[in-house]
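Treat the numbers as computed from the prediction; the structure is a model and nothing was measured.
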Amino acid sequence: MPEMRVSLDSDDLNAVERKLQVPLEAQLTSALEQAANRVADQYDGQGEDEVTDWILRETRGGLHPDIAEGFQPDEAKLREVARAVMRGERFV
């Protein structure tokens, strides 16, 4: 089972966001893991682009709207998650 971790670049965060960085990273990681597992449960042969978009939509759907709006994951990393889902892997 692959593990994932969302990390934020502290250089891109303001002072308040830096204070909240650790819990925000935990919340984003949890939302992404849950989204990937939900998609894996429903995956039925869709292509990589569709699965990638689906995971992103599901992740944003599990976040507060203000956080979801600002969540811009690395495209390559998100595609890695999508490929793992397509291989039938689950996330912890």
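Closest heavy-atom contact between Arg90 and Ala40: NH1-CB, 3.9 Å. In terms of heavy atoms, Gln46 sits closest to Trp54 at NE2-CZ3, 3.6 Å. Closest heavy-atom contact between Ala36 and Val85: O-CG2, 3.7 Å.
For the pair Thr29 (side chain) and Glu25 (backbone), a donor-acceptor distance under 3.5 Å is present. Side-chain atoms of Asn37 come within 3.5 Å of backbone N or O of Phe91 as a donor-acceptor pair. A donor-acceptor contact shorter than 3.5 Å links the side chain of Glu17 to the backbone of Asn14. In this structure, Gln21 contributes its side chain and Leu8 its backbone to a donor-acceptor pair below 3.5 Å.
Counting heavy atoms from C-beta outward, Ile67 and Leu28 have side chains that approach closer than 4.5 Å. Considering only heavy atoms from C-beta on, Asp44 stays 4.5 Å or farther from Gln42 through its side chain. Side-chain contact between Arg83 and Thr52 is absent, with no heavy atoms from C-beta onward closer than 4.5 Å. Ile55 places none of its side-chain heavy atoms less than 4.5 Å from the side chain of Glu58. Contact check for Val51 versus Val81: no side-chain heavy atoms found under the 4.5 Å cut-off. Counting only heavy atoms from C-beta outward, the side chains of Lys77 and Val6 never approach each other to under 4.5 Å.
Glu48 contributes atom CD, which lies 10.5 Å from atom CG of Asp53 (distance to the nearest 0.5 angstrom). Atoms CZ and CD, on Arg5 and Glu33 in that order, are 11.5 Å from each other to the nearest 0.5 Å.
No continuous path of ILVMFWY side-chain contacts below 4.5 Å connects Leu13 to Leu20, so the two sit in separate hydrophobic clusters.
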Side chain to side chain donor-acceptor pair (under 3.5 Å), that's the test. Do Gln34 and Ser30 meet it? Break it down for me.
CA-CA 6 Å; Gln34 291 174 23; Ser30 176; 3.0 Å; yes
